[in-house]
Amino acid sequence: QVQLVESGGGSVQFGGSLRLSCVPSGSIFMVKAMGWYRQAPGKERELVASITSSGITTYGDSVKGRFTVSGDSTKNTVDLQMNSLRAEDTAVYYCNIKFGGGWLQMGEYWGQGTQVTVAS
């Protein structure tokens, strides 16, 4: 069972920056997409940013222009650079990697979640 090891979460002041990193504990075959989701108290989990194996990126509307997702297709690591942080960005952030296709069954891995808190 592969685990996704997340790092970089913490507390930051309004307008500050954080960089989240996600590193798989083992090999993942046929990766389709990597990205980050977040969930705030009382709200549903939502997509923050993702990048496909071909390099296509997708961002949630609220983070466009402020966050940047990047990945290493060889190591299957994915980072999230977060700038100009706001109170609305406070949430638990989860790394996600989707894989499968062809002879493999499709599936996904999730990180354990890392807290990001933006204070005034």
Side-chain angles (χ1 to χ4, degrees):
Q1 181 73 23
V2 173
Q3 293 186 324
L4 305 184
V5 182
E6 302 155 323
S7 63
S11 298
V12 66
Q13 295 294 312
F14 173 84
S17 298
L18 286 174
R19 186 178 182 88
L20 304 183
S21 296
C22 177
V23 180
S25 65
S27 298
I28 303 176
F29 301 99
M30 300 295 294
V31 171
K32 300 299 182 183
M34 305 181 294
W36 292 88
Y37 292 73
R38 69 186 182 188
Q39 186 167 27
K43 296 186 177 181
E44 297 182 355
R45 187 173 298 187
E46 64 177 354
L47 173 70
V48 178
S50 67
I51 182 168
T52 69
S53 59
S54 60
I56 300 174
T57 58
T58 300
Y59 294 93
D61 289 340
S62 65
V63 308
K64 290 180 179 178
R66 300 187 297 121
F67 292 8
T68 302
V69 64
S70 60
D72 186 320
S73 60
T74 300
K75 300 179 179 180
N76 288 327
T77 57
V78 56
D79 292 352
L80 182 69
Q81 179 66 46
M82 305 185 292
N83 299 325
S84 301
L85 285 162
R86 310 165 180 168
E88 65 189 62
D89 297 317
T90 295
V92 177
Y93 285 69
Y94 299 89
C95 179
N96 173 267
I97 298 181
K98 295 180 172 63
F99 62 92
W103 64 275
L104 292 175
Q105 292 294 107
M106 297 184 66
E108 61 184 355
Y109 292 111
W110 288 94
Q112 80 286 348
T114 183
Q115 178 71 45
V116 171
T117 301
V118 184
S120 300

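Because only heavy atoms are used, hydrogens play no part in the values below, and waters and symmetry mates are left out as well, while side chains stay in.
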Colleague: For a side chain to side chain contact (heavy atoms under 4.5 Å, CB included) with V78, tell me which candidate from V69, V23, L4, D72 qualifies.
Modeller: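 Exactly one pass, corresponding to V69.
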Colleague: Any side-chain heavy-atom pair from N96 and E108 closer than 4.5 angstrom?
Modeller: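 Contact flag for N96/E108 side chains = yes.
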Colleague: Could you tell me whether the side chains of D79 and Q81 share a donor-acceptor contact shorter than 3.5 Å?
Modeller: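 Q81 and D79 do not have a side-chain donor-acceptor pair below 3.5 Å.
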Colleague: Which atom names give the shortest non-hydrogen contact between L47 and S50, and what distance separates them?
Modeller: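 In terms of heavy atoms, the two residues are closest at CD1-CB, 4.0 Å.
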Colleague: Nearest 0.5 Å, please: how far is CD in E46 from CH2 in W36?
Modeller: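 Here the interatomic distance stands at 15.0 Å.
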Colleague: Quick test of your reading: applying ring-ring contact (aromatic ring centres under 6.0 Å, His included), list the pairs with at least one residue in residues 51-98, sequence neighbours left out, ordered by first then second residue.
Modeller: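 Residue pairs passing ring-ring contact (aromatic ring centres under 6.0 Å, His included), neighbours aside: none found.
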Colleague: Measuring only between side-chain heavy atoms, which start at C-beta, is R86 closer than 4.5 Å to R66?
Modeller: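 A side-chain contact under 4.5 Å exists here.
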Colleague: Let me confirm one number: the CD-CZ distance from Q105 to F99, rounded to the nearest 0.5 Å.
Modeller: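 Spacing of CD (Q105) from CZ (F99) equals 10.0 Å.
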Colleague: From F14 CZ over to S84 OG, what is the distance, rounded to the nearest 0.5 angstrom?
Modeller: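 So the CZ of F14 and the OG of S84 are separated by 8.0 Å.
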Colleague: Which is it for W110 and R45 under the side-chain contact (heavy atoms from CB on, under 4.5 Å) test, yes or no, and what are the steps along the way?
Modeller: CA-CA 12 Å; W110 288 94; R45 187 173 298 187; 3.4 Å; yes
Colleague: Which heavy atom of P24 sits nearest a heavy atom of V2, and at what distance?
Modeller: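 Closest approach of P24 to V2: CB-CG1, 4.1 Å.
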Colleague: CE of M34 to OG of S70: how many Å apart, nearest 0.5 Å?
Modeller: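 Rounded to the nearest 0.5 Å, the CE-OG separation comes to 8.5 Å.
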Colleague: Side chains of E88 and T90: do they bring a donor and an acceptor to under 3.5 Å?
Modeller: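 T90 and E88 do not have a side-chain donor-acceptor pair below 3.5 Å.
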